[in-house]
Protein chains: 2
Amino acid sequence: MDKSAARSRTAARATPPLKTPVAAAEKRPRGRPRKTLDERDDGNRRLELITAAARLFRKKGFDATSTRDIAAAVGMHSGSPFYHFKSKGALLHAVMEEGMRSALQRQAQALQSAALPDGDAPALLRLLVRNHFGVLLGPGSDFIPVMLYESRSITARQRAVLTKLQNDYEAVWEPVLEALARAGQLKGPVKLARLLMFGALNWSVQWFDAKKSATLDDLTDAAMALFIHAPAQGKSSKALA
Amino acid sequence: MDKSAARSRTAARATPPLKTPVAAAEKRPRGRPRKTLDERDDGNRRLELITAAARLFRKKGFDATSTRDIAAAVGMHSGSPFYHFKSKGALLHAVMEEGMRSALQRQAQALQSAALPDGDAPALLRLLVRNHFGVLLGPGSDFIPVMLYESRSITARQRAVLTKLQNDYEAVWEPVLEALARAGQLKGPVKLARLLMFGALNWSVQWFDAKKSATLDDLTDAAMALFIHAPAQGKSSKALA
DNA sequence: CCTACCGATCGGTAGG
DNA sequence: CCTACCGATCGGTAGG
């Protein structure tokens with residue numbers, strides 16, 4: 001909205017001072033300056049756009065967010081996002097893909113740093129649930145909610161890319177859920193249990209309020225208590241692993 | 001899209017044949033014909049609009065559905081929905097309110113016709129879950145999904161109306177969940193358990209495919225198996241009721 | 001409920 | 001990445 005504020009943000013990033021019209025004509029070659037000598041923050045601007053878009057898409061929805069809103073949020077003018085993305089839909093897809101890659105990375109990292117034995121399925125599930133809540137509700141968590149609630153607005157081809165990433169994400173859960181089912185701690189068909197469980201977790205973006213009392217650990221405890229039954233009597237879950 | 005098709009639908013409803021310009025000028029009084037002698041389907045048109053809007057809002061989303069889409073779906077012209085609703089947002093709210101009133105009615109009816117004893121909390125929950133799946137996924141179930149996924153687009157005042165209806169809806173569940181918690185069959189804080197459970201159910205609109213194998217009864221079985229634990233050993237749940 | 005219309009906004013582009 | 005712009009579409013309304 002405020003052009004000077006937007007421009008000052010840009011100015012803080014760029015090395016040269018605010019250009020005079022003459023200086024601009026001299027120093028700025030026309031056409032697309034693909035690579036400058038000191039290779040500035042080319043990819044950074046793209047990520048800024050994605051981040052701002054994620055926040056706005058989550059807050060207002062994809063259709064209700066204009067590309068002008070997004071441009072203004074990063075101090076660009078209305079047409080400039082199309083220098084980085086060929087369409088509004090491509091930007092939405094980039095938000096989702098960035099979200100899934102980040103979620104996958106965080107999940108892998110959580111598993112690695114915990115170094116739990118494969119046999120301890122309940123502890124593994126707890127870790128996955130806690131990480132999932134972090135991805136959904138933690139700081140900077142706009143990407144995955146956008147993916148979950150705006151998937152209607154992407155093309156089939158774009159969705160295929162995300163589906164693959166989602167499958168990778170869920171693939172980590174599957175053996176854990178299978179082990180729990182064998183131990184009698186997860187009841188019912190595993191496939192339906194998984195869908196219902198993810199629903200319970202994903203829906204939390206609708207009601208969770210970080211300013212209220214419950215923490216993400218509280219949510220994790222509640223989810224585990226709800227889903228995971230006591231192990232079958234007289235059988236060690238270790239023996240089933 | 002096809003004007004003649006849309007009009008033929010209208011013609012089938014109205015008694016007189018397709019008007020000639022002259023006949024229209026003679027037979028149709030100008031201004032708003034509030035009540036005709038044989039009082040046609042005045043309120044019916046309103047409901048038709050709501051139903052068509054629900055279908056389109058669910059399929060494409062509120063923002064991506066134009067009032068022209070809705071008008072065309074019921075054989076009206078572009079400005080005519082505003083004769084029945086003062087704004088697009090009012091139409092959205094009407095869809096949601098109609099959905100909640102219908103859901104409440106179905107829930108009350110299900111409980112009444114089953115005539116279960118108050119002590120049988122698991123059976124009561126099963127009934128509520130099954131009815132909820134029917135409301136979400138059964139025939140003509142566009143209203144509640146729209147309410148669940150488009151609430152961002154209504155005003156605070158409109159939301160207050162729905163919140164009251166939602167509270168009435170959930171109020172029926174609460175004593176059932178409390179009884180199950182006392183019996184040790186529902187684990188964790190009841191409030192969080194309720195939120196997680198509704199999430200698991202509500203999320204099913206994202207993945208349930210009526211053309212595939214699972215039925216709503218299958219879903220109900222899976223949900224009950226997942227959420228409801230075996231009663232505590234040596235204690236009769238009857239004694240706790 | 002139709003006809004005819006309006007102002008606003010939007011995604012996107014040419015050209016530099 | 002900005003400037004200047006375009007065609008399309010949209011919610012809504014006057015007047016009958």
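The figures that follow rest on heavy atoms only: side chains count, while hydrogens, waters and symmetry mates do not. Each chain gets a letter, A, B and so on, in the order the sequences are listed, and its residues count up from 1. Just so we're clear, the structure is a prediction, and the values are computed from it rather than from any experiment.
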Close approaches to DNA chain D from residues 56-71 of chain B, in residue order (heavy atom, under 4.0 Å): B/T65, B/S66, B/T67, B/R68
Parallel, tilted or perpendicular: ring planes of B/H132 versus B/Y169, cut at 30 and 60 degrees: tilted
Pairing of A/E150 and B/R152 as salt bridge, 4.0 angstrom limit: yes
Send over the distance from [X] [atom1] to [N] [atom2], rounded to a whole Å.
X	N	atom1	atom2	result
A/Y83	C/dG16	OH	P	17 Å
A/K86	C/dT13	NZ	C1'	15 Å
B/R46	C/dC1	CZ	P	12 Å
B/K88	D/dG11	NZ	P	4 Å
A/L91	C/dG12	CG	P	10 Å
A/H77	C/dT13	NE2	C1'	17 Å

Working for side chain to side chain contact (heavy atoms under 4.5 Å, CB included), residues A/N202 and B/Q206: CA-CA 11 Å; A/N202 291 343; B/Q206 300 268 15; over 6 Å; no
B/T215 backbone acceptor or donor facing B/D218 side chain under 3.5 Å: yes
Which nucleotide in C/dC1, D/dC2, D/dG12 has an atom nearest any side-chain atom of B/S78: D/dG12
Shortest side-chain distance from B/F82, nucleotide among C/dG12, C/dC1, D/dG12: D/dG12
Criterion side chain to side chain donor-acceptor pair (under 3.5 Å) on A/S66 and A/D69, from CA distance to verdict: CA-CA 5 Å; A/S66 70; A/D69 292 337; 3.3 Å; yes
is_close_aromatic(A/Y149, B/W203), centroid dist under 6.0 Å: yes
Minimum-distance pair of heavy atoms, taken over all atoms of A/R68 and A/S78: CG-CB, 3.6 Å
Chi angles and distances behind the side chain to side chain contact (heavy atoms under 4.5 Å, CB included) call for A/S204, B/L195: CA-CA 8 Å; A/S204 67; B/L195 288 165; over 6 Å; no
Axis-to-axis angle between the two ends of the helix from C/dC1-D/dG16 to C/dG16-D/dC1 (five base pairs per end, rounded to 10 degrees): 10°
Exercise: do A/Q107 and A/W173 side chains pair donor with acceptor under 3.5 Å: yes
